[in-house]
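FYI, the numbering just counts along the sequence from 1.
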Amino acid sequence: MSHMKSFVSIYLFAILSGILLWLGWPNIGWFPFLFVGLVPFFLGLESIIDSSVKFKWLHLFILTFITHFIWSGISITYLYNTSPKTYFIVIIVQSFTLALGVFTLGMFNKFRSKYLVGIYVIGTFMSVEYLNQNWMIGSPYFVLGNGLGMYPSLIQFYEFVGVEGGTLLILLLNVFAWIAISNIKSKRSFQLPVILFVISVLPFVLSPFFKVDEESSKKQFKVAALHTYMETYTEEGHKDPSLVIDSLWKMSVVDDLSDIELMVWPETIISNLGWIHNISNEKAYQTIEGRLSEFPRLSICTGGYGFSVVGEDKIDAYSVKDESRNFHYTSHNVALTMSSTGRWPVRSKAIFIPFQERIPFLDQFPFLRNFADVVGSNTMISYYEHGDDIHKTSGGKKYAPILCFESVYPLLMADLGKQSDLILILSNEFWNKDLRGSDQYMTYHTGMAIQSRTPIVRSCNSGISVIIDRNGNVLAKKRGKDTGILKSSITLKQDETFYEKISGLFYTLSLIVFPVLFLFGLVRKRWAK
């Protein structure tokens, strides 16, 4: 019975940690809770490790699962309003993955050093963050470093450590706070963890001094983003995409565009761009080309669906057969750039929302179709491998057109930011029934802009359209049904940041630390026997 009471209190620690992390996470954003939100979790973890209970690994798994499930589940309740299936898949998969890493601590005997336990858990957290950016059903939506995006002045130092470095510092603060509290409880010296906590919080305190000067730069560039609120697929618009383009153009030219060098339209706003391999002969292309003749300096980057024919040897579960013409084709979510120079590069979306835009492992497990909800647009999207990641304006300015979900991947954003003068995000959130998700989504882009010192221009259908400068500040914004044009002068990227030179370093170290400590623990356990 005493064991039962003990573990009830431990699981209450897990619930408390989940609630504290939720309070610190956007959109509530009481950020100090992120610095100490995992302390109850660590206290529960310590109690399990120091106990003599059997199946420690199981209790550690449950402790971690509950903590993450509460944190993520409350933070994205808005998703339940749109897609209950997706909501539960996301929070269960994310929580399970993290718990699977932490539970390995239970395979060992008692650790003599709390610092070693802290390092092990940090290695686990960061390894899971890295995994979620590199496997088919992962999502880095809960990367801890993104949690401070509501306060760009706090994270100016991301220029040096990136979003991943932000995760590391938040975890260190939690570890040092836990060790200090634990030592006070056991009447041990607590000065060292307190000193380490203060050192770890210094980057946030000194952060405002790292801002870059926006006004003195000579590399000013004028951009515009169209914010729409319209159904992206209608039978009429699909058959004749010029009708959609005419509507978009009328919304775009309400303001004077003579000084604008780049215009951005939302993701999938044109449902029929036509055959990609022959796109210059398609009606959508020719309609936009005709409009651009009035503005020789202007480049337009628009989102849409393009199509390509599939050879007999490449037919799979994601291809569709055109019965009337007896061939297979695939659909691609792409960004298309057009300018008076006649260039027409496309970039295909490379990362898809699992069970929404693309059902994973569909060839091997056809029954997975049953887990898909209709969120976004299409569950049969494929990657178009012949596209270009970096596009250029008629004046030669380089930018990476990122398509919606891809923009929550910090490592991808850093890699493309390194090659660009600015980053575009094309998004479609017309399906989203709760704009709290859009508000949260937008805050993640703050850290992305700062880690590369690259301005971000986001055009969205519903959701939020925004222009963000290199310091993560919002220069212009439209939300929901407040449609129209956003215009601003921005300072383009100047130089490669220090973080871009070392991007992925902290994740790489965690991928070394985690298995090394795991093997060390196994050897110690065997040696003790």
- Got a salt bridge between E261 and K222, using NZ or NE/NH1/NH2 to carboxylate O under 4.0 Å? no
- Within a strict 4.5 Å, meaning less than it, do heavy atoms of the K349 and I381 side chains meet? no
- Message: Please find the pair of heavy atoms, one from K487 and one from I467, that lie closest to each other, and give the distance.
- Response: C-CD1, 4.1 Å
- Query: OH of Y507 to CD of E129: how many Å apart, nearest 0.5 Å?
  - Reply: 4.0 Å
- Please check if the side chain of S339 supplies one atom and the backbone of T393 the other of a donor-acceptor pair under 3.5 Å. no
- Message: More than 12 heavy atoms of other residues, nucleotides or ligands under 6.0 Å from OH of Y383: yes or no?
- Response: yes
- So how far is it from I70 CD1 to I19 CD1, rounded to the nearest 0.5 Å? 6.5 Å
- Message: So for atom OH, which belongs to Y233, do other residues, nucleotides or ligands contribute more than 12 heavy atoms lying within a distance under 6.0 Å?
- Response: yes
- Task: Could you go through the side chain to side chain donor-acceptor pair (under 3.5 Å) check for W265 and S252 one step at a time?
- Result: CA-CA 9 Å; W265 288 349; S252 300; 3.0 Å; yes
- Applying side-chain hydrogen bond (donor to acceptor under 3.5 Å, both in side chains) between N428 and each of N333, T228, N461, report the one that passes. N461
- Note on the structure: Hits for side-chain hydrogen bond (donor to acceptor under 3.5 Å, both in side chains) against T287, two or more places apart or cross-chain, chain-then-number order -> none
- Under the 3.5 angstrom rule, does the side chain of D256 hit a backbone N or O of S258 as a donor-acceptor pair? yes
- Query: Is it true that a side-chain atom of D421 and a backbone atom of K398 form a donor plus acceptor pair closer than 3.5 Å?
  - Reply: yes
- C301 side chain near L426 side chain, heavy-atom distance below 4.5 Å: yes
- Taking every heavy atom of R470 against every heavy atom of D213, the minimum-distance pair comes out as NH2-O, 3.3 Å
- Pair Y499-E164, side-chain donor/acceptor within less than 3.5 Å: yes
- For R347, enumerate each residue passing the salt bridge (Lys or Arg N to Asp or Glu O under 4.0 Å) test, keeping only those at least two apart in sequence or located in another chain. D389, E406
- Query: Can you tell me if S465 uses its side chain to pair, donor with acceptor, with the backbone of C460 under 3.5 Å?
  - Reply: yes
- Message: Could you tell me if the side chain of M230 sits less than 4.5 Å from the side chain of I269, heavy atoms only?
- Response: yes
- If only atom types and distance count, is the side chain of T167 paired as donor or acceptor with the main-chain N or O of G145 below 3.5 Å? yes
- Within the distance-only criterion (no hydrogens, no angle test), does the side chain of S452 pair as donor or acceptor with the backbone N or O of A449 below 3.5 angstrom? no
- Query: V194 and A180: which non-hydrogen atoms are nearest, and at how many Å?
  - Reply: CG2-CB, 4.0 Å
- Item | The single option from K493, Q451, Q419 passing side-chain hydrogen bond (donor to acceptor under 3.5 Å, both in side chains) against E500 | K493
- Considering all heavy atoms, the nearest R479-L435 contact: NH2-CB, 3.3 Å
- Task: Ignoring hydrogens and angles, tell me if any N or O in the side chain of Q286 forms a donor-acceptor pair with the backbone of A284 under 3.5 Å.
- Result: no
- For M263 and L248, run side chain to side chain contact (heavy atoms under 4.5 Å, CB included): C-alpha distance rounded to whole Å, both residues' side-chain angles, the deciding distance at 0.1 Å, then the answer. CA-CA 11 Å; M263 167 76 72; L248 296 171; over 6 Å; no
- Message: Can you pull out every ring pair (Phe, Tyr, Trp, His ring centres under 6.0 Å) where at least one residue sits in residues 156-178? Sequence neighbours excluded, please.
- Response: F42-W178, F157-F204, F160-F210
- Query: Would one find more than 12 heavy atoms of other residues, nucleotides or ligands at under 6.0 Å from atom NZ of K418?
  - Reply: yes
- Query: Should T77 and Y87 count as side-chain neighbours, where that means a heavy-atom distance under 4.5 Å?
  - Reply: yes
- Residue set satisfying side chain to side chain contact (heavy atoms under 4.5 Å, CB included) with T67, at least two apart, ordered chain then number -> A14, S17, L21, L38, F41
- Message: Could you tell me if the side chain of L262 sits less than 4.5 Å from the side chain of F221, heavy atoms only?
- Response: yes
- Task: Please identify each residue that fulfils salt bridge (Lys or Arg N to Asp or Glu O under 4.0 Å) with K501, with sequence neighbours left out.
- Result: E496
- Minimal heavy-atom distance between G306 and V334, with the atoms involved, is N-CG2, 4.3 Å
- Which pairs pass ring pair (Phe, Tyr, Trp, His ring centres under 6.0 Å) with one or both residues in residues 448-479, sequence neighbours excluded? none
- Message: Which residues pass the side chain to side chain contact (heavy atoms under 4.5 Å, CB included) test with A400, not counting sequence neighbours?
- Response: I390, I402, L416, S420
- pair T232-S271: side-chain heavy atoms closer than 4.5 Å: no
- For K477, the salt bridge (Lys or Arg N to Asp or Glu O under 4.0 Å) test, sequence neighbours excluded, returns none
- Exam field: side chain H332 to backbone S382, donor-acceptor pair closer than 3.5 Å: yes
- Qualifying residues under salt bridge (Lys or Arg N to Asp or Glu O under 4.0 Å), relative to E429, sequence neighbours excluded: R458
- Query: To the nearest 0.5 Å, how far apart are CD1 in I300 and OG in S394?
  - Reply: 11.0 Å
- Item | Selection residues 144-161 - residue pairs positive for salt bridge (Lys or Arg N to Asp or Glu O under 4.0 Å), sequence neighbours left out | E159-R453
Can you give me every donor-acceptor pair (side chain of residues 27-36, partner residue at least two apart or in another chain, under 3.5 Å) with its distance?
| residue | atom | partner | partner atom | Å |
| --- | --- | --- | --- | --- |
| N27 | OD1 | Q440 | N | 3.1 |
| N27 | ND2 | R436 | O | 2.8 |

- Task: Heavy atoms only: give me the nearest I485-A224 pair and the separation to one decimal.
- Result: CG2-CB, 4.3 Å
- Does the S207 side chain pair with the main chain of Q156, one donor and one acceptor, at a distance under 3.5 Å? yes
- Message: So I270 and Y305, do their side chains get closer than 4.5 Å, heavy atoms only?
- Response: no
- Item | Residue pairs passing the ring pair (Phe, Tyr, Trp, His ring centres under 6.0 Å) test where at least one lies in residues 443-493, sequence neighbours excluded | Y141-Y444, Y441-H445
- Query: Does N146 reach the main-chain N or O of F142 with its side chain, forming a donor-acceptor pair under 3.5 Å?
  - Reply: no
- Heavy-atom side-chain proximity of T491 to D469 below 4.5 angstrom: no
